[in-house]
Amino acid sequence: MSHTLKVALAQISPVWLDKNKTLQKVKDAIVEAAKEGVELIVFGEALVPGYPFWLALTGGAEWNTKINKELHAHYVRNAITIEKGDLEGICKLANEHQMAIYLGIIERPQDRGAHSIYASLVYIDSQGEIQSVHRKLQPTYDERLTWSPGDGNGLKVHALKDFTVGGLNCWENWMPLPRAALYGLGENLHVAVWPGSDHNTKDITRFIARESRSFVISVSCLMTSKDFPKDTPHRELILEKAPKILANGGSCVAGPEGEWIVEPVLHKEGLIYQTLDFNRVLEERQNFDPVGHYSRPDVTQLTVNRERQTTTKFID
């Protein structure tokens, strides 16, 4: 088996708040990546159907206002319900092209009543099977006005050739304990997904790589004021305060010594390809391994609750 893995960073913009059209862009990217022999493709946070930019532009914290209710309802209607088969087409392509996928979605899960939504990172293996759905543990700042807090169920890693891959959403990557949970599971290829902007990716990507002695892939979305579809509820009000560029990308790759392999790519839509050599992980773990020879479990340990949280349990 080859020690290398070919990856694609899909830095694309959503068809904002349109689930079906954005899923089609995801499918197109997978087909394009397959032509280049890609074995893992990664998409940004909340790509399907898009990031809730309106919250910072329309007084999203105002209580009981019609605009916020209508935008939220529109958002929920375009969220992904995995149980209803919304990702079946993506899974089919993963199997067809023998390609693993990390995809950032807004999830509308039936196990939480199908009304609240979560920023989730879905891992689909190369056989087209969904292996984990990680719901963002802590939505950031105004995200809490529309996204619900997740749980530890998705803190999992997955074997991919020689690599062990795991992932986190956006500012979760700044949370030391979720990172430590993935390290403890043997992660050596870390996926960090973002709504977009190099101010998020330019520091933490290299930091995690050096801390963990792993490869780190950061993938961001793009968004400009021109990307708000004409049928967006309250579009004109959103555009009154929207900057020209809301997400400039910043997708990048760092190696196990914290070095840049691909520096942050800005303002460019498309696929970014890179081949990773697993042997680099073993080389850098020689002098530092955060959960192996350079750890003291007799002094500090982490306990992780991975139970999927629900409000009801039925016994029939």
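FYI, the numbering just counts along the sequence from 1.
Of the possible polar contacts, none joining the Arg213 side chain to the Val281 backbone as a donor-acceptor pair under 3.5 Å is found. The backbone N or O of Gly184 sits nowhere less than 3.5 Å from a side-chain atom of Glu187 that would complete a donor-acceptor pair. A donor-acceptor distance shorter than 3.5 angstrom exists from the side chain of Gln11 to the backbone of Ser251, with no hydrogens or angles considered. Looking only at distances, a side-chain donor or acceptor of Thr201 sits under 3.5 Å from a matching main-chain atom of Gly250. With hydrogens and angles disregarded, no donor-acceptor distance shorter than 3.5 Å links the side chain of Glu45 to the backbone of Gly104. Remark: side-chain polar atoms of Gln138 are not paired, donor with acceptor, to backbone N or O of Pro149 under 3.5 angstrom. Within the 3.5 Å criterion, the main-chain N or O of Gly89 finds no donor-acceptor partner in the side chain of Lys27. Side chain of Arg210 to main chain of Glu257: a donor-acceptor pair is present (N/O by atom type, distance under 3.5 Å, no hydrogens or angles). Panel note: side chain Thr81, backbone Pro109; no donor-acceptor pair is recorded below 3.5 Å. The main-chain N or O of Glu143 is never found under 3.5 Å from a side-chain atom of Thr146 such that the two would form a donor-acceptor pair.
By the rule that hydrophobic residues join a cluster once side-chain heavy atoms approach within less than 4.5 Å of another member, Val193 and Phe215 end up as members of one cluster. Under the 4.5 Å side-chain heavy-atom criterion for grouping Ile, Leu, Val, Met, Phe, Trp and Tyr, Ile208 is not connected to Val165 through any hydrophobic cluster. Val219 and Tyr102 fall within the same hydrophobic cluster, where Ile, Leu, Val, Met, Phe, Trp and Tyr residues are linked whenever their side-chain heavy atoms come under 4.5 Å apart, directly or through other members.
Contact check on Glu307 versus Lys313 returns a salt bridge, with a Lys/Arg side-chain nitrogen under 4.0 Å from an Asp/Glu carboxylate oxygen. Under 4.0 Å is where a charged nitrogen must lie from a carboxylate oxygen, and between Arg206 and Glu263 no such pair does. A salt bridge is absent between Glu88 and Lys92; no separation between the charged side-chain nitrogens and carboxylate oxygens falls under 4.0 Å.
Leu145 belongs to a hydrophobic cluster whose other members, connected by ILVMFWY side-chain contacts under 4.5 Å either directly or through intermediates, are Trp16, Leu17, Tyr51, Phe53, Trp54, Leu55, Leu57, Ile67, Leu71, Tyr75, Val76, Ile106, Ile117, Trp147, Met223, Phe228, Leu237, Ile238, Leu239, Leu246. Residues near Tyr141 contribute nothing to a hydrophobic cluster around it, because no ILVMFWY side-chain heavy atom sits closer than 4.5 Å to its side chain.
Gln24 and Asp28 are linked by a side-chain donor-acceptor pair at a separation below 3.5 angstrom, with hydrogens and angles left out of the test. At a cut-off of 3.5 Å, with distance as the only test, no side-chain donor of Thr164 or His158 sits close to an acceptor on the other residue. For the residue pair Asp125 / Gln131, a side-chain donor-acceptor distance below 3.5 Å is found, with atom types taken as modelled. No side-chain donor from either of Asn279 and His3 sits under 3.5 Å from a side-chain acceptor of the other. For Ser214 and His190, the side-chain atoms include no donor-acceptor pair closer than 3.5 Å. In the model, Asp227 has a side-chain atom that pairs as donor or acceptor with a side-chain atom of Thr224 under 3.5 Å. Checking Ser116 against Arg108 by side-chain atom types alone, no donor-acceptor pair falls below 3.5 Å. In the model, Asp18 has no side-chain atom that pairs as donor or acceptor with a side-chain atom of Asn78 under 3.5 Å. Counted by atom type alone, Thr205 and Ser218 present one or more donor-acceptor pairs between their side chains at under 3.5 Å. Using a 3.5 Å distance cut-off with no hydrogens or angles, the side chains of Trp171 and Asn200 do pair a donor with an acceptor.
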Mind running salt bridge (Lys or Arg N to Asp or Glu O under 4.0 Å) on Lys136 and Glu172 for me, showing each step along the way? CA-CA 7 Å; Lys136 189 174 184 177; Glu172 282 186 316; over 6 Å; no
Please step through side chain to side chain donor-acceptor pair (under 3.5 Å) for the pair Thr65 and Asn68, ending with a clear verdict. CA-CA 6 Å; Thr65 60; Asn68 290 322; 2.8 Å; yes
I would like to know whether His97 and Val31 meet side-chain contact (heavy atoms from CB on, under 4.5 Å); could you show each step before the answer? CA-CA 8 Å; His97 297 294; Val31 172; 4.2 Å; yes
Where do Leu5 and Leu160 land on the side-chain contact (heavy atoms from CB on, under 4.5 Å) test, with the steps shown first? CA-CA 8 Å; Leu5 180 74; Leu160 185 58; 3.8 Å; yes
Stepwise side-chain contact (heavy atoms from CB on, under 4.5 Å) test for Val253 and Val216: CA-CA 6 Å; Val253 182; Val216 178; over 6 Å; no
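Residues Leu168 and Leu121 form no side-chain contact, since every pair of their non-hydrogen atoms from C-beta on lies 4.5 Å or further apart. Counting heavy atoms from C-beta outward, Cys91 and Ile130 have side chains that approach closer than 4.5 Å. Side chains of Phe163 and Leu276 form a contact here, defined as non-hydrogen atoms less than 4.5 Å apart. With contacts defined as side-chain heavy-atom distances shorter than 4.5 Å, the pair Lys156/His134 does not qualify. At least one side-chain heavy atom of Ile80 sits less than 4.5 Å from a side-chain heavy atom of Leu87. For the pair Lys19 and Arg77, the minimum side-chain heavy-atom distance is 4.5 Å or more. Side-chain contact between Ile82 and Val122: present, with at least one pair of heavy atoms (C-beta onward) separated by less than 4.5 Å. Counting heavy atoms from C-beta outward, Ile217 and Val7 have side chains that approach closer than 4.5 Å.
Listed by chain and residue number, Arg280 satisfy the side chain to side chain donor-acceptor pair (under 3.5 Å) test with Glu259 (two or more places apart in sequence, or in another chain). Checked against ring pair (Phe, Tyr, Trp, His ring centres under 6.0 Å), Tyr118 has no partners two or more places apart in sequence or in another chain. Listed by chain and residue number, Asp111, Val133, Arg135, Asp151, Asn153 satisfy the side-chain contact (heavy atoms from CB on, under 4.5 Å) test with Arg308 (two or more places apart in sequence, or in another chain). Qualifying ring pair (Phe, Tyr, Trp, His ring centres under 6.0 Å) partners for Tyr294, counting only residues two or more places apart in sequence or in other chains: Phe288.
From Ile101, atom CD1 reaches atom CD of Glu39 across 13.5 Å, with rounding to the nearest 0.5 Å. Atoms CG and OG, on Asp198 and Ser220 in that order, are 8.5 Å from each other to the nearest 0.5 Å.
Both the sub-6.0 Å distance and the 45° axial angle are satisfied by Lys6 relative to the ring of Tyr273.
Residues Gly258 and Ala209 approach most closely at CA-CB, 4.1 Å, considering heavy atoms. Scanning all heavy atoms of the two residues, the minimum distance from Leu23 to Asp86 falls at CD1-O, 3.7 Å. When all heavy atoms of Thr22 and Leu47 are compared, the pair lying nearest together is CG2-O, 3.4 Å. Between Ile41 and Ala33, the closest heavy-atom pair is CD1-CB, 3.9 Å. Among all heavy-atom pairs drawn from Gln309 and Arg112, the shortest one is O-CD, 3.2 Å. When all heavy atoms of Glu211 and Pro290 are compared, the pair lying nearest together is O-CG, 3.9 Å.
The 12-atom threshold is exceeded at CD of Gln110, counting heavy atoms of other residues, nucleotides or ligands nearer than 6.0 Å. Counting non-hydrogen atoms of other residues, nucleotides and ligands closer than 6.0 Å to NE2 of His115 gives a total of 12 or fewer.
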